[in-house]
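What follows is a single structure, written as structure tokens, with notes after it.
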Protein chains: 2
Amino acid sequence: MGTTQLEAAPEPKYWHLKTVLSEALDSEFAVGEILPNERDLAARFGVARATLRQALEQLELEGRLQRRRGVGTTVAPPRVGVAVASTDQDWPGASGDAWQAVDCVPDVPPAAVADMLETAPGETVHVLRRTRVSHGQPVAAELLYVPSTSVPDLTAIDAPSGAARARAVLRELQRFGLDGQDRAVELGSARADDAKELDRLPGAPVLVVTTRYLSGGVTAAVSMATYRADTCRLTFGDSAGVEIHHAPHTQAS
Amino acid sequence: MGTTQLEAAPEPKYWHLKTVLSEALDSEFAVGEILPNERDLAARFGVARATLRQALEQLELEGRLQRRRGVGTTVAPPRVGVAVASTDQDWPGASGDAWQAVDCVPDVPPAAVADMLETAPGETVHVLRRTRVSHGQPVAAELLYVPSTSVPDLTAIDAPSGAARARAVLRELQRFGLDGQDRAVELGSARADDAKELDRLPGAPVLVVTTRYLSGGVTAAVSMATYRADTCRLTFGDSAGVEIHHAPHTQAS
DNA sequence: CAGTGGTCTAGACCACATC
DNA sequence: ATGTGGTCTAGACCACTGA
């Protein structure tokens, strides 16, 4: 006998921990409630703090928890549905869109964007910064790249930078027909500037939505929007209002 | 004097490391190339292995690296664009779609899905499993929930489970008109079964795409597809063929 | 088998928020 | 000043891959 081990489960501790915590969150905690601190939790489960943290990290990634330095770990509300695309297509800045212009400066776009815009290397474009707020919380930060050729009639009357300038650029865009747009979504990590805007630490997971606006057979503008991955569910179509019971993903087999 | 420190950079080591490695990847490594092992790299940069791993983790999250236990860390190819929705809407299983039916069993759907389908609690539905392959690599695993009412004429002739059964269900679906569909995308972590299918470890980051198929005013089917977040860029519209230079996100200020 | 990445520990110190 | 989460260390052992 001796080594009789019905323990056929080489399941990592942090994984099991995550499952246990997840169930506890469902049954014993209310949204917004503060969990015991990490040192206590680790002691209670008989693991090192690093292991406990590995479990918390996953739960935060899944939008179940929210951790804030100096404050504590709280139970997160369900993710908010954020409408990224509806059936109608329209220019950014069209009346009623969810974004707020923050700034506008001329700058050289990153290579990937210059590619789509087919601008020359080193050529500057209008770079608008916009933010999006939902339920009182910032959910996304956007950089919108608009080449000068897309807003030929932009006058020098407006300020050379700032929110007013941004609004002027958006106004000029509306004057052209929008042929179509296409999008891509991928996982990224927040740059320092975006992180600040989103009230997260640099490196936080974000969903990066790249949108190309097509007009007159060319790409007239490119938007790169970074959404907080922990709090957002991006919706396409009419499903914005659909309520989700709980995290539709994740759980042990 | 004494404590003169021009070091005004309380930037975390792993963050700086990530930046350095990222630049090295751009300039000194080819896709598929194997990096030195973690212990060597850590020693080379004068940090603990855990710190080095924190940097590698982020780079893997961003799709720059691929790590495989027992093998090593390799430079990942650019993310593949995966078409999730085109302008045409169609049922799953329509000719030419990218999915391959694997299995079909009756089961009770998770609460969130039962909600959308408006099935009674405890009511079983057809649960199809499908996988999606791109460039020879598995990129997504799907669970498709189809209530019996959506396939009323499904005969008992077919096998009670298995791929043949799955194809029969899909065939029956095509017989009805599709009114529309809407989608949501969010970040999740791979369940054990999905992870196996995607050739990843459990807990790996995935993009969860939830699709509702509407027919006759009701939700006729619900699909929950999990895409590998490290290797996939989900595309909506006509941008599937667009080439991306490099990770359009992330980097220090 | 040797070598890889994956997990885990028990500490330490730091940055930050709050009282 | 206290308590929180965030970073970091220097080890250890395990699970897996491939020769």
Side-chain angles (χ1 to χ4, degrees), chain A residues 3 5 7-19 21 33-61 65-76 189-190 192 195-196 199-205 230, chain B residues 3 5 7-19 21 33-61 65-76 189-190 192 195-196 199-205 230:
Chain A
T3 62
Q5 284 201 200
E7 279 292 347
E11 188 182 50
K13 276 190 189 179
Y14 78 91
W15 185 262
H16 181 246
L17 237 185
K18 186 192 119 180
T19 308
L21 284 170
E33 200 168 344
I34 303 180
L35 267 62
N37 72 52
E38 297 183 348
R39 292 163 179 84
D40 284 355
L41 275 179
R44 182 175 311 188
F45 287 105
V47 299
R49 190 177 157 219
T51 304
L52 185 268
R53 277 181 61 81
Q54 214 171 337
L56 293 185
E57 235 152 73
Q58 284 237 356
L59 289 170
E60 189 177 31
L61 198 80
L65 292 180
Q66 185 155 359
R67 298 192 286 176
R68 274 173 304 173
R69 169 154 53 178
V71 179
T73 301
T74 57
V75 180
S189 46
K196 193 178 159 195
D199 194 25
R200 299 256 62 196
L201 290 178
D230 55 343
Chain B
T3 62
Q5 283 200 199
E7 279 291 349
E11 190 182 48
K13 277 191 187 178
Y14 78 92
W15 185 261
H16 181 247
L17 238 185
K18 186 192 119 180
T19 308
L21 284 170
E33 199 169 342
I34 303 180
L35 268 62
N37 71 54
E38 297 184 349
R39 290 163 180 84
D40 284 355
L41 276 178
R44 180 175 314 188
F45 287 104
V47 299
R49 190 178 158 219
T51 304
L52 185 268
R53 276 180 63 80
Q54 215 173 337
L56 294 184
E57 234 152 75
Q58 284 235 357
L59 289 170
E60 188 177 32
L61 197 79
L65 293 178
Q66 185 154 359
R67 299 192 284 176
R68 273 173 306 173
R69 170 155 49 178
V71 179
T73 301
T74 57
V75 181
S189 47
K196 194 178 159 196
D199 195 23
R200 299 257 61 196
L201 290 178
D230 56 342

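Here the structure is a predicted model, which means the values were calculated and not measured. Chain identifiers are assigned alphabetically (A, B, ...) following the order of the sequence lines, protein sequences preceding nucleic acid strands; residue numbering begins at 1 within each chain.
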Could you state the interatomic distance from [atom1] ([X]) to [atom2] ([Y]), rounded to the nearest 0.5 Å?
X	Y	atom1	atom2	value
A:Arg200	A:Asp230	CZ	CG	4.5 Å
B:Leu61	B:Leu56	CG	CG	12.5 Å
A:Leu65	A:Gln58	CG	CD	11.5 Å
A:Leu21	A:Thr73	CG	OG1	10.5 Å

Rounding to an integer number of Å, can you tell me how far [X] [atom1] sits from [N] [atom2]?
X	N	atom1	atom2	value
B:Ile34	D:dT17	CD1	C1'	12 Å
A:Leu41	D:dG5	CG	C1'	12 Å
A:Glu11	D:dC14	CD	P	18 Å
A:Leu35	D:dG5	CG	P	9 Å
A:Tyr14	D:dC14	OH	P	18 Å
B:Gln66	D:dC16	CD	C1'	16 Å

Student check: side-chain heavy atoms of B:Pro12 and B:Gln54 closer than 4.5 Å: no
Atom pairs and distances, donor-acceptor, side-chain atoms in residues 41-52 of chain B, under 3.5 Å, two or more places apart:
from, atom 1, to, atom 2, distance (Å)
B:Arg49, NE, B:Glu38, OE1, 3.0
B:Arg49, NH2, B:Glu38, OE1, 3.1

Hey, where on DNA chain C does chain B first and last touch, going 5' to 3'? Cut-off is any atom under 4.0 Å from a heavy atom. C:dG3 to C:dT7
Crowding at CG, A:Asn37 (>12 non-hydrogen neighbours, <6.0 Å):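 More than 12 heavy atoms, drawn from other residues, nucleotides or ligands, come within 6.0 Å of this atom.
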Pull out every protein N or O sitting under 3.5 Å from an N or O of nucleotides 1-4 of chain D, one pair per line with the distance.
from, atom 1, to, atom 2, distance (Å)
D:dG3, N2, A:Gly70, O, 3.3
D:dT4, OP1, A:Asn37, ND2, 2.8
D:dT4, OP2, A:Asn37, ND2, 3.1
D:dT4, O2, A:Gly70, N, 3.1

At their closest point, which heavy atom of B:Lys18 faces which heavy atom of A:Ser189, and how far apart are they? NZ-OG, 3.5 Å
